[in-house]
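Here's the structure, in structure tokens; my notes come after.
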Amino acid sequence: MFKTMHPNRRRRGNYFINQTPRSGVLKHKLLNKSVPIFSVIIGVALIICLILEGAGYLVLHHKKRLAIKNSAAPVGSGEKSFDNLEKENDKLVRQIKKLAPSEAYIVVDTAQNILYLKKGDQVARKVVVSTGSGNVLTEPTGRKRSWTFDTPRGEFAVKNMIKDPLWTAPDWEFISNGEPIPKNKADRIQEGVLGDYKLGIGNDIYIHGTIYIRTMGMHVTHGCIRVGDDDLEALWKTSRTGTKVFIF
Amino acid sequence: MALLLLPLSDAESGVAERNNFLTQMLSLAEKSGLYFVINMEENKVQLMSKGIVLREWTADKMTFISGYLPLQTFTLEKKSIQLDKLRHAEPIEKDDTATDTNAGDNKTDGKPKSTYIPAPALDIEDMPSDYQLSLKGGVSINVIAGTESNLSVMKRYLVAPLCALWPSSKKDGAARMAVYFKDRTNSQALFWAFREGTECIIVPPGSGDKNDLRF
């Protein structure tokens, strides 16, 4: 039987019978064979990953471009030719610029309690102020009315300007102090607590002076904007009825 | 290779995009009130009114987590954290025995009166720095104080392209964005200023020449 075997097989058989297999050599041989296979597998996997990533990236990019294209007005359709669009854009810019206040305006940052007196992009004066506390007061008895002491946000305009203002204390002042609400208006009036000037921006909200200078820069008011004396005078001199006030 | 695959935006689409941007800007500027411009091209959030910038925040990074947006106007529907809930809504009744200099003034007819003591007002430091802004139409913006995590970067660059090939992803889900501020105060200030109902224009990245969308 041995003789009938193919010479190559016999040689291989001899190798295993006559030679003691050395594991190091075997491992080395196996490694030599497997390293290229692994490299090929990893290489192919990497190429597949790259192709998939690339395809995915293209799909994402296509979606993005589609979204951006959809947002743009169609060029060349109807009267909106390229030249017309450029002219229209110039006109739009002019229209937007016209809306901006041409004179000085006031910007109040309620987060930082800072008031800016601005003209165009220039800050003419930066002032530390006090703004609304945001607290809520609910009437304990009776009508159970509720007040939130927030400085309103948005776009306003100076509606009235009053020198040497008197303060007519509202109901919440008495409720918060636990005092009975006076029936006579004269009992509500207090002098000298609002400083020398007050600028009304509507809904009983004013930019005014204060006797509580120590609370400047804090959220302590019932919604009004308290300003120091010198700064208030500067505001008084610069503002007029109609001056824009932006509060955020 | 990626650069070669990018289609170049031509001058025409730039002009058309600018036209869209200016049209929306005009419609917001004509309204009374404040609005935001979230410019992902320049990583800027601008608070505006009447076409003027009242306050500007520069973000460190603005990215799309998923989906994309056309340049359009959105309205802030809600924030993930409600400001009202942060406040102490109930007035505290002052204890009659409290040692207050005005305590003596708070008595009428011999009866002690309840006096309202306001809760400490919320300051900018009390605002959250990580929150989500939900806009009408399902768009959401995650505002994060800090830098983008490595996991998020990997998701964006490796996982997202693969997911885009998945058949179910062809349905365009609502866009999700992330805005990163290194300075936590900026994130808090944005929370303070961005109120429910405020409108905003989102300028997506790659919207033509930067100058086209600069006002």
Side-chain angles (χ1 to χ4, degrees), chain A residues 52-61 63-76 80 82 85-86 88-89 92-93 95-101 105 107 109-112 121 132-138 140 149 153-155 175-180 218-220 244 246 248, chain B residues 1-2 5-7 11-13 15-20 22-23 25-26 29-30 32-34 47 49-52 54-55 64 67-72 87-91 106 108 113-116 118-119 121-124 158 160-165 172 189 192-193 195 204 206-207 215:
Chain A
L52 287 175
E53 285 283 341
Y57 177 81
L58 275 179
V59 169
L60 283 179
H61 192 74
K63 278 184 185 176
K64 181 179 158 186
R65 290 303 303 171
L66 208 65
I68 292 165
K69 283 258 178 206
N70 286 345
S71 71
V75 181
K80 284 193 173 181
F82 183 75
L85 268 178
E86 278 197 323
E88 198 181 302
N89 286 352
L92 284 166
V93 169
Q95 281 178 295
I96 296 168
K97 283 188 175 167
K98 254 187 198 174
L99 293 169
Y105 59 95
V107 178
D109 180 348
T110 59
Q112 297 182 18
D121 290 336
S133 67
N135 280 309
V136 180
L137 169 68
T138 308
F149 300 129
R153 319 259 193 106
E155 180 205 336
I175 291 166
S176 63
N177 288 335
E179 292 169 1
M218 294 161 77
H219 295 105
V220 289
K244 288 279 178 201
F246 301 99
F248 68 91
Chain B
M1 186 182 170
L5 293 170
L6 286 173
E12 282 194 351
S13 71
V15 172
E17 277 173 57
R18 180 165 164 78
N19 184 266
N20 178 29
L22 291 172
T23 307
M25 181 74 110
L26 178 65
E30 277 174 337
S32 172
L34 312 176
L47 173 60
S49 186
K50 296 285 167 210
I52 51 174
L54 303 177
R55 175 89 200 264
F64 273 111
Y68 284 101
L69 286 175
L71 192 157
Q72 67 182 79
R87 283 181 169 151
H88 302 278
E90 292 300 317
N106 295 329
T108 324
K113 291 190 308 181
S114 64
T115 304
Y116 166 72
L122 291 174
D123 281 319
I124 192 161
L158 295 174
L162 291 177
C163 289
L165 296 173
D172 277 337
W192 182 288
R195 305 190 101 190
S207 303
F215 175 68

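Residue numbers begin at 1 in each chain, while the letters A, B, ... track the order of the sequences.
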Atom pair [atom1]/[atom2] of [X] and [Y] - distance to nearest 0.5 Å:
X      : Y      : atom1 : atom2 : value
A:F248 : B:L34  : CZ    : CG    : 8.5 Å
B:W192 : A:R153 : CH2   : CZ    : 6.0 Å
B:K50  : A:Y105 : NZ    : OH    : 13.5 Å
B:L122 : A:N135 : CG    : CG    : 8.0 Å

Measuring heavy-atom distances to chain A, does B:A189 have an atom under 4.5 Å in its side chain, in its backbone, in both, or in neither?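 Contact with chain A is absent: no heavy atom of B:A189 under 4.5 Å.
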With a 4.5 angstrom heavy-atom cut-off, which part of B:L54 approaches chain A: side chain, backbone, both or neither?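 Both parts, backbone and side chain.
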Distance-minimising heavy-atom pair for [X] and [Y]:
X     : Y     : value
A:L92 : B:T23 : CD1-OG1, 3.6 Å
B:V15 : A:N89 : O-ND2, 3.2 Å
A:L85 : B:A16 : CD1-CA, 4.0 Å

A:D121 versus chain B, the contacting section by heavy-atom distance below 4.5 Å: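 Neither part.
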For A:E53, what residues pass the salt bridge (Lys or Arg N to Asp or Glu O under 4.0 Å) criterion, not counting sequence neighbours?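 A:E53 satisfies salt bridge (Lys or Arg N to Asp or Glu O under 4.0 Å) with no other residue.
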State, yes or no, whether a side-chain contact exists between B:L26 and A:L99 at a heavy-atom distance under 4.5 Å.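 Sidechains of A:L99 and B:L26: in contact.
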Kindly write out the residues that satisfy side chain to side chain contact (heavy atoms under 4.5 Å, CB included) with B:A121, not counting sequence neighbours, or none if the list is empty.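 Per chain and number, B:A121 pairs via side chain to side chain contact (heavy atoms under 4.5 Å, CB included) with A:S133, A:H219.
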For chain B, find which of A:V220, A:T110, A:D109 contributes the most heavy-atom pairs closer than 4.5 angstrom.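 Sorted descending by pairs with chain B, the first entry is A:T110.
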Heavy-atom pairs under 4.5 Å with chain B, option from A:G154, A:A111, A:P101 with the top count: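 Among the listed options, the one with the most contacts to chain B is A:A111.
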